[in-house]
Enquirer: 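Sharing a structure, written as structure tokens. Questions coming.
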Amino acid sequence: MSGKQTRKRLDPAERKELILEGALKLFAERHYTIVTVRDIARGCGMNVALIYHYFDDKDHLVRSTLAHAIGEFLDSYSARTAEESGDPLGEIGAWLDANVEMAPTLLRMVKLMADYSVSGDRHDEIGQMIGEFYAREQEVLEKAIRRGIRQGTFRKVDVKRTARQVSLTLDGIFHASASRADNRIPQDIADLADLLRRILGVEEAETPAKPPKKPRRKPVAAD
């Protein structure tokens, strides 16, 4: 029996996913404009020709990589929402929990989107994907907040502004994790959830402090 291990033959879907994951990893390490198809092929242990079998060119690969990352995140969110149907706080929690579960992918995705935004390299399809992702986030948060207000679960707030601030804070958490390298994404998102509960008025009321006891008056001595 040969001592060499037989390499597992991947089916086309698995091979394509491997390429997309490898590309996303490299795009997070370097600006996507300087990563070559040959770099991606080398990182995946594949022949360059095989990359071109699945993708027309590098632009097609970049678009597909971003779409794949967004799709994975939305799948994670959708898997959680079935259990939270009708519960506005649970639906917001499902979005936040998906951010925690998919943090490694989102860190790379945010890096790719940020690099695209400042590159001056405009592709309508990429811009549309980025816009649709943030529009979906805004929609999820707005719908849950409105439902909570209608149900009387949440106090009345400015729905659009509150949802946008949550979205901006999530972005800030991922950018901060990359720049500070402190790996605090789960804790920071938990803090955001706690802050949002307070804003929406669903935090348990604190026990009011008891008033201090009046000092007992000493009896006056009889003359």
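In what follows, every heavy atom counts, from backbone to side chain, and hydrogens, waters and symmetry copies are set aside. The chain is numbered in sequence order, starting from 1.
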Enquirer: Show your reasoning for whether side-chain contact (heavy atoms from CB on, under 4.5 Å) applies to W95 and L170.
Expert: CA-CA 11 Å; W95 188 267; L170 283 170; 4.0 Å; yes
Enquirer: CD/E142 to NZ/K160 distance, rounded to the nearest 0.5 angstrom?
Expert: 4.0 Å
Enquirer: Are L89 and L196 packed together at the side-chain level, in the sense that at least one heavy-atom pair is separated by less than 4.5 angstrom?
Expert: no
Enquirer: Just to verify, what does E132 make a side chain to side chain donor-acceptor pair (under 3.5 Å) with, not counting sequence neighbours?
Expert: Q128
Enquirer: Can you see which heavy atom on K58 is nearest to which on Y32, and at what distance?
Expert: NZ-O, 2.6 Å
Enquirer: Could you walk me through whether L112 and M109 pass the side-chain contact (heavy atoms from CB on, under 4.5 Å) check?
Expert: CA-CA 5 Å; L112 174 57; M109 187 178 93; 5.7 Å; no
Enquirer: How far apart are the closest heavy atoms of F154 and A144, and which atoms are they?
Expert: CE1-O, 3.5 Å
Enquirer: Taking 4.0 angstrom as the limit, do E91 and K143 come out as a salt bridge?
Expert: no
Enquirer: Would you name the heavy atoms of A94 and T81 that are closest together and state the gap between them?
Expert: CB-CG2, 4.3 Å
Enquirer: Should we say atom CZ of R63 is surrounded by more than 12 heavy atoms from elsewhere, each under 6.0 Å from it?
Expert: yes
Enquirer: For residues S78 and D75, is any side-chain donor paired with an opposing acceptor at under 3.5 Å?
Expert: no
Enquirer: A side-chain contact here means heavy atoms from C-beta on lying under 4.5 Å apart; do F174 and N99 qualify?
Expert: yes
Enquirer: Could you tell me the separation between the CD1 atom of I19 and the CE atom of M46, rounded to the nearest 0.5 Å?
Expert: 4.5 Å
Enquirer: Taking only residues two or more places apart in sequence or in another chain, which ones pass side chain to side chain donor-acceptor pair (under 3.5 Å) with E29?
Expert: K25
Enquirer: Would a hydrophobic clustering, with Ile, Leu, Val, Met, Phe, Trp and Tyr connected at side-chain separations under 4.5 Å, put L168 with I145?
Expert: no
Enquirer: Rounded at 0.5 Å granularity, tell me how far CG in L141 sits from CG in L96.
Expert: 7.5 Å
Enquirer: Give the C-alpha distance, both sets of side-chain angles, the deciding distance and a yes or no for side-chain contact (heavy atoms from CB on, under 4.5 Å) between I130 and L66.
Expert: CA-CA 9 Å; I130 294 173; L66 180 57; 4.0 Å; yes
Enquirer: Can you tell me which residue pairs pass the side-chain hydrogen bond (donor to acceptor under 3.5 Å, both in side chains) test with a partner in residues 166-182, sequence neighbours excluded?
Expert: Y134-D171, E137-S167
Enquirer: Which residues pass the side chain to side chain donor-acceptor pair (under 3.5 Å) test with T153, not counting sequence neighbours?
Expert: none
Enquirer: Donor-acceptor pair, R155 side chain versus R198 backbone, under 3.5 Å?
Expert: yes
Enquirer: Begin from the C-alpha positions of R136 and Y77 and carry the test side-chain contact (heavy atoms from CB on, under 4.5 Å) through to its verdict.
Expert: CA-CA 11 Å; R136 175 68 183 277; Y77 166 68; 3.9 Å; yes
Enquirer: Evaluate the side-chain proximity of D115 to F27: yes if any heavy-atom separation is below 4.5 Å, no if none is.
Expert: no
Enquirer: Would you find more than 12 non-hydrogen atoms of other residues, nucleotides or ligands less than 6.0 Å from D57 atom CG?
Expert: yes
Enquirer: Kindly check if the number of other-residue, nucleotide or ligand heavy atoms within 6.0 Å of CG (D158) is above 12?
Expert: yes
Enquirer: Flag the pair R15 / H53 as yes when at least one side-chain heavy-atom distance between them is below 4.5 Å, and no otherwise.
Expert: no
Enquirer: With side-chain hydrogen bond (donor to acceptor under 3.5 Å, both in side chains) as the rule and sequence neighbours excluded, what pairs involving residues 101-110 come up?
Expert: S76-E101, R80-E101
Enquirer: What heavy-atom pair brings V35 and R30 nearest, and what distance separates the two atoms?
Expert: CG2-CB, 4.0 Å
Enquirer: Please name the pair of heavy atoms, one in H60 and one in Y54, separated by the smallest distance, quoted to 0.1 Å.
Expert: CE1-O, 3.9 Å
Enquirer: Report yes if some heavy atom in the side chain of L61 is under 4.5 Å from a heavy atom in the side chain of L20; otherwise report no.
Expert: yes
Enquirer: Any idea which heavy atoms bring L26 and D39 closest together, and the distance?
Expert: CD1-O, 3.6 Å
Enquirer: Does D191 have any salt bridge (Lys or Arg N to Asp or Glu O under 4.0 Å) partners at least two apart in sequence or in another chain, and if so, which?
Expert: R184
Enquirer: Please round to the nearest 0.5 Å and tell me the distance separating atom CD1 of I70 and atom NE2 of H68.
Expert: 11.5 Å
Enquirer: Indicate yes or no for a side-chain donor-acceptor contact from R147 to the backbone of D87 under 3.5 Å, with no hydrogens or angles considered.
Expert: no
